[in-house]
Enquirer: 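Before we start, here is the structure in question, set down as structure tokens.
Note that the numbering runs from 1 along the sequence shown for the chain.
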Amino acid sequence: GTAALIWNEIIREKVTNFIMNQSKEQRILNFVLQNAVRGDPCSVVDTIDKYCSQKEWAMNVGNEKGLILDKTVEEANPSVALELGTYCGYSAVRISRLLKAGARLLTVEFNPEFAAIAKQMIEFAGVQDKVKLLEGPSEEIIPQLKKKYEVDTLDFVFLDHWKDRYTPDTILLQECNLLRKGSVLLADNIIFPGAPDFLNYVRKSPHFQCTNYPSHLEYMQVEDAMEKAVFLG
């Protein structure tokens, strides 16, 4: 798995970026703009999956784990959801297409280049009324959610950003009183590249009830899993 990632993420991507004079994320967006149906979030998700499984690997949640994400969102039926790690907007589009009328998703992205791509992806999918993209570090944005973004509590949180931020950001959500009894956290990539500190924290905490969903790394046959942690109050 590591060797494949080094090949895809570092060597092959850098060579292609140099030859084409654009980033992989821009290529993914261009492929969507040319091949997906505008205003159809399912078409956008399917088109990104097609590109990343056939042309260039990318760190979206992907379709296999995406089905776990879908099921968890549908069960939580959130009015207010938070995503940490927008990347190209794949999971923001995937989550928002399942939200009920009047519900909203706040998605946080640290990298300004990724945020710019995601903004176009979200608008092309036609879900911009449901999704608010917040640019900056998660540890700065989370404490602002109540006052600046009028969030009372979060019904659903998807953790898919820096793995070493999973635990401190979960603690921050608790400290800022953003979780209520029944709030659902879903964390991606807990085996590969791995988030052992997070697993240790939520599984040992009396405040969470955890469920593990074995799966595979996006677009690869590499073992991975997602962890659901329901806040008990």
Side-chain angles (χ1 to χ4, degrees), residues 1-13 16 24-25 27-29 31-32 35-36 41-76 81 83-98 107 109 114 117-118 121 125 156-167 169-170 184-203 208-230:
T2 305
L5 276 189
I6 289 170
W7 165 249
N8 281 297
E9 282 287 85
I10 299 170
I11 303 166
R12 182 181 168 189
E13 184 181 332
T16 312
K24 175 176 67 180
E25 292 73 30
R27 291 192 290 277
I28 293 171
L29 175 64
F31 189 78
V32 167
N35 294 280
C42 292
S43 171
V44 169
V45 166
D46 290 345
T47 304
I48 297 173
D49 280 333
K50 182 179 179 182
Y51 186 89
C52 296
S53 58
Q54 295 177 8
K55 295 180 183 291
E56 288 186 274
W57 184 91
M59 55 181 181
N60 312 302
V61 68
N63 193 47
E64 186 184 350
K65 287 185 293 183
L67 296 175
I68 301 167
L69 174 60
D70 291 353
K71 183 173 180 286
T72 310
V73 171
E74 286 169 339
E75 287 171 355
E83 175 184 40
L84 300 175
T86 315
Y87 188 42
C88 289
Y90 174 93
S91 45
V93 172
R94 188 157 194 138
I95 292 167
S96 62
R97 84 195 204 288
L98 300 172
T107 182
E109 178 52 56
F114 295 167
I117 297 281
M121 197 76 79
F156 174 75
V157 180
F158 183 44
L159 296 100
D160 196 18
H161 57 330
W162 297 108
K163 309 313 156 197
D164 61 0
R165 289 298 320 166
Y166 280 19
T167 306
D169 284 348
T170 298
V184 176
L185 277 62
L186 185 68
D188 191 19
N189 301 122
I190 59 160
I191 291 180
F192 197 96
D197 293 349
F198 173 79
L199 289 185
N200 187 52
Y201 176 72
V202 291
R203 288 177 180 177
F208 291 99
Q209 181 178 18
C210 296
T211 309
N212 183 264
Y213 296 102
S215 189
H216 296 93
L217 184 67
E218 47 271 22
Y219 318 116
M220 287 189 191
Q221 288 306 305
V222 176
E223 187 183 346
D224 196 10
M226 303 178 95
E227 186 86 359
K228 181 171 82 170
V230 180

Enquirer: I'd like to check Glu218 versus Asn60 (side-chain heavy atoms, cut-off strictly below 4.5 Å). Are they in contact?
Expert: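 Contact flag for Glu218/Asn60 side chains = no.
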
Enquirer: Quick one: CD on Glu64 to CD on Gln221, what's the gap to the nearest 0.5 Å?
Expert: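 Glu64 CD to Gln221 CD: 6.5 Å, rounded to 0.5 Å.
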
Enquirer: Report yes or no: do Asn63 and Tyr219 form a side-chain donor-acceptor pair below 3.5 Å?
Expert: no

Enquirer: Identify the heavy atoms of Pro196 and Gly194 that sit nearest to each other, and give their distance.
Expert: CD-C, 3.5 Å

Enquirer: Working to the nearest 0.5 angstrom, can you tell me the gap between Asp160 CG and Thr86 OG1?
Expert: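 Reported value, rounded in 0.5 Å steps: 9.5 Å.
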
Enquirer: Nearest 0.5 Å, what's the OG-CZ distance between Ser215 and Phe192?
Expert: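 With rounding to 0.5 Å, OG (Ser215) is 14.0 Å from CZ (Phe192).
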
Enquirer: Side-chain donor-acceptor pair under 3.5 Å between Tyr51 and Glu56, yes or no?
Expert: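 Indeed, the side chains of Tyr51 and Glu56 share at least one donor-acceptor pair under 3.5 Å.
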
Enquirer: Just how far is it from atom NZ of Lys228 to atom CG of Leu186, taken to the nearest 0.5 Å?
Expert: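 Output value for this atom pair is 8.5 Å.
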
Enquirer: State, to 0.1 Å, how close Ser53 and Lys50 come at their nearest heavy-atom pair, and which atoms those are.
Expert: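 Closest heavy-atom pair between Ser53 and Lys50: OG-O, 3.3 Å.
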
Enquirer: Thr167 vs Val202, test: side chain to side chain contact (heavy atoms under 4.5 Å, CB included). Steps then yes/no.
Expert: CA-CA 8 Å; Thr167 306; Val202 291; over 6 Å; no

Enquirer: Are any non-hydrogen side-chain atoms of Asn189 and Lys65 less than 4.5 angstrom apart?
Expert: yes

Enquirer: When you compare the side chain of Met59 with that of Asp188, does any pair of heavy atoms fall below 4.5 Å?
Expert: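 A side-chain contact is absent here, since even the closest heavy-atom pair is not under 4.5 Å.
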
Enquirer: Closest approach of Cys52 and Ala58, non-hydrogen atoms and distance?
Expert: SG-CB, 3.6 Å

Enquirer: Let me see the working for Ser91 and Leu69 under side chain to side chain contact (heavy atoms under 4.5 Å, CB included), right down to the final yes or no.
Expert: CA-CA 9 Å; Ser91 45; Leu69 174 60; 4.1 Å; yes

Enquirer: Is the count of non-hydrogen atoms from other residues, nucleotides or ligands lying under 6.0 Å from Glu75 atom CD greater than 12?
Expert: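 Count over threshold, so yes.
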
Enquirer: Answer yes or no: is there a donor N or O on one side and an acceptor on the other, between the side chain of Asn35 and the main chain of Phe31, under 3.5 Å?
Expert: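 Side chain of Asn35 to backbone of Phe31: a pair is present.
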
Enquirer: Assess the residue pair Asp197 and Lys163 against the criterion (side chain to side chain contact (heavy atoms under 4.5 Å, CB included)); give the C-alpha distance rounded to whole Å, side-chain angles, the decisive distance to 0.1 Å, and a yes or no.
Expert: CA-CA 9 Å; Asp197 293 349; Lys163 309 313 156 197; over 6 Å; no

Enquirer: I'd like to know if Arg97 and Asp70 make a salt bridge, using a cut-off of under 4.0 Å between side-chain N and carboxylate O.
Expert: yes

Enquirer: Would Phe158 and Val61 count as a side chain to side chain contact (heavy atoms under 4.5 Å, CB included) if you check the C-alpha gap in whole Å, the side-chain angles of each, and the deciding distance to 0.1 Å?
Expert: CA-CA 11 Å; Phe158 183 44; Val61 68; 4.0 Å; yes

Enquirer: With rounding to the nearest 0.5 Å, note down the distance linking OH in Tyr213 to CD1 in Ile68.
Expert: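 So the OH of Tyr213 and the CD1 of Ile68 are separated by 8.0 Å.
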
Enquirer: Mind listing the closest non-hydrogen atom pair of Cys210 and Ala229 along with its distance?
Expert: SG-CB, 4.0 Å

Enquirer: Considering all heavy atoms of both residues, which atom of Cys88 and which atom of Ile28 are nearest to each other, and what is their separation?
Expert: SG-CD1, 4.4 Å

Enquirer: With side-chain contact (heavy atoms from CB on, under 4.5 Å) as the test, pick out the partner of Glu227 among Leu199, Thr211, Leu185.
Expert: Leu199

Enquirer: Quickly, which of Leu98, Val184, Leu67, Ile95 forms a side-chain contact (heavy atoms from CB on, under 4.5 Å) with Thr72? Name it, please.
Expert: Val184

Enquirer: For a quick test of reading the model, state the closest non-hydrogen atom pair linking Met226 to Ile190 and the distance between them.
Expert: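 Heavy atoms of Met226 and Ile190 come nearest at C-CD1, 3.8 Å.
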
Enquirer: Backbone N or O of Ile191 within a donor-acceptor pair of the Asp224 side chain at under 3.5 Å?
Expert: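 Checking the backbone N and O of Ile191 against the side chain of Asp224, a donor-acceptor pair under 3.5 Å is found.
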
Enquirer: Any sub-3.5 Å donor-acceptor pair from Glu25's side-chain atoms to Phe114's backbone N or O?
Expert: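 Not confirmed, Glu25 side chain does not pair with Phe114 backbone.
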
Enquirer: Tell me if the centroids of the rings in Tyr166 and His161 come within less than 6.0 Å of each other.
Expert: yes

